[in-house]
Amino acid sequence: MFDSNITIMVIAIACILVSMTLHEAMHAYSSYWLGDDTAKLQGRLSLNPLKHIDPILTIAIPALLALSGGPIFGAARPVPFNPFRVKFEEFGAALVGIAGPLTNLVLALAGAGILRLFIGDMSQTVINVFVIFIQVNIGFFVFNMIPFPPLDGSRVFYAVAPEPVQNVMRTIESFGLMGLFLFLFVALPVISPVLSSIMRSITNYLLL
């Protein structure tokens, strides 16, 4: 492992910026391809990290988790889109929602594939960079699939949920990131062991 916590934090932040930028950009492009130009009008059809990051959810929390040795997860500023303007109605909105987490899963698979193919030619430092990159993307995939607004999993759940549940989710979503912060404050101590177990299982499967 790395001798310097600063080195770990710098590498983790770099991996986070790349992974979360692609995550959010795929949300934006998916909504645009499905007929809604809201993200485009707000400048979110971009690979510029500054267009997507949230200082706390994207940088601070994942970096602190990396330093503490815990599971690395986080989120970015939600990409705005109008679910009533995309094709396929609720299922179109679900496609927009799942595009980001699936991007992270693909990045984790790609990183693991490269690591498996070339590990014999890599230094320990490069191996550790790939491991962090894989862990970051698995963390973003698992965390963002939680079906709580405004996380991406809520869009997938919304497409199959009954109307009363959808109404509750709309109410929660109206609070925006404040509702998410409250959810994390209350629920994270309870769900963190579950998230950690899922992330470790996926990571071990890919790496071992």
If you look only at distance, which donor and acceptor atoms sit under 3.5 Å apart when one is on a side chain in residues 78-89 and the other is two or more places apart or in another chain?
residue : atom : partner : partner atom : Å
Asn82   : OD1  : Phe84   : N            : 2.9
Arg85   : NH1  : Asp37   : OD1          : 3.0
Arg85   : NH2  : Asp37   : OD1          : 3.1

Is Val136 reachable from Phe133 through a run of hydrophobic residues whose side-chain heavy atoms are each under 4.5 Å from the next? no
Is it possible for you to say whether Ile138 and Leu105 belong to one hydrophobic cluster, with membership spreading through side-chain heavy-atom contacts below 4.5 Å? yes
Could you tell me which non-hydrogen atom of Ala108 sits nearest to which non-hydrogen atom of Ile134, and how far apart they are? O-CG1, 3.9 Å
In short, Asp152 meets Gly97 closest at the heavy-atom pair CB-O, 3.1 Å
Note: Met26 and Ala99 closest approach over all heavy atoms is O-CB, 3.9 Å
Please step through side-chain contact (heavy atoms from CB on, under 4.5 Å) for the pair Met122 and Val129, ending with a clear verdict. CA-CA 11 Å; Met122 293 179 177; Val129 170; over 6 Å; no
Where do Leu47 and Leu22 land on the side-chain contact (heavy atoms from CB on, under 4.5 Å) test, with the steps shown first? CA-CA 7 Å; Leu47 294 177; Leu22 292 173; 3.9 Å; yes
Is there a side-chain contact between Leu180 and Pro150, using heavy atoms and a 4.5 Å cut-off? yes
Between the CG atom in Leu17 and the OG1 atom in Thr21, the distance rounded to the nearest 0.5 Å is 6.0 Å
Quick one: does Ser154's side chain have a donor or acceptor within less than 3.5 Å of a partner on Leu151's backbone? yes
Same apolar cluster (I L V M F W Y, side chains within < 4.5 Å links), Met145/Ile191: yes
Answer yes or no: are there more than 12 heavy-atom neighbours, outside Phe183 itself, under 6.0 Å from its atom CZ? yes
So Phe130 and Val126, do their side chains get closer than 4.5 Å, heavy atoms only? yes
Heavy-atom nearest pair, Ile16 first then Phe140, reads CG2-CZ, 3.8 Å
Side-chain atoms of residues 201-208: list all donor-acceptor pairs with protein atoms under 3.5 Å, sequence neighbours left out, distances to 0.1 Å.
residue : atom : partner : partner atom : Å
Ser201  : OG   : Ser197  : O            : 2.9
Thr203  : OG1  : Met199  : O            : 2.8
Asn204  : ND2  : Arg200  : O            : 3.2

Under a single-linkage definition using a 4.5 Å side-chain heavy-atom cutoff for Ile, Leu, Val, Met, Phe, Trp and Tyr, are Ile172 and Val156 assigned to the same hydrophobic cluster? yes
Between atom CE of Met169 and atom OH of Tyr158, what is the distance when rounded to the nearest 0.5 Å? 8.0 Å
If you measure from CD1 on Ile132 to CD1 on Ile13, what distance do you get to the nearest 0.5 Å? 11.0 Å
Determine whether Ile146 and Leu195 make a side-chain contact, defined as any pair of heavy atoms from C-beta on separated by less than 4.5 Å. yes
Tightest non-hydrogen contact, residues Pro147 and Phe157, listed as CB-CB, 3.8 Å
So, does Ser31 use its side chain to make a donor-acceptor pair with the main chain of Ala28 at under 3.5 Å? yes
Spacing of OH belonging to Tyr32 relative to CG belonging to Leu41, to within rounding of 0.5 Å: 9.0 Å
Expected output: side-chain His52 to main-chain Ser46 donor-acceptor under 3.5 Å: yes
Would you find a donor on one side and an acceptor on the other, under 3.5 Å apart, between the side chain of Arg44 and the backbone of Lys51? yes
In this structure, which one of Glu90, His27, Glu173 forms a side-chain hydrogen bond (donor to acceptor under 3.5 Å, both in side chains) with Arg155? Glu173
Between Leu107 and Phe141, is the side-chain contact (heavy atoms from CB on, under 4.5 Å) condition met? List the steps. CA-CA 10 Å; Leu107 290 172; Phe141 168 72; over 6 Å; no
Write down the atom of Ser19, the atom of Asn137, and the distance for their closest heavy-atom approach. OG-ND2, 2.9 Å
Do Phe175 and Leu182 share a hydrophobic cluster, counting only Ile, Leu, Val, Met, Phe, Trp and Tyr and linking them when any side-chain heavy atoms are less than 4.5 Å apart? no
Pair Thr7, Thr125 - check side-chain contact (heavy atoms from CB on, under 4.5 Å), show working. CA-CA 10 Å; Thr7 304; Thr125 299; over 6 Å; no
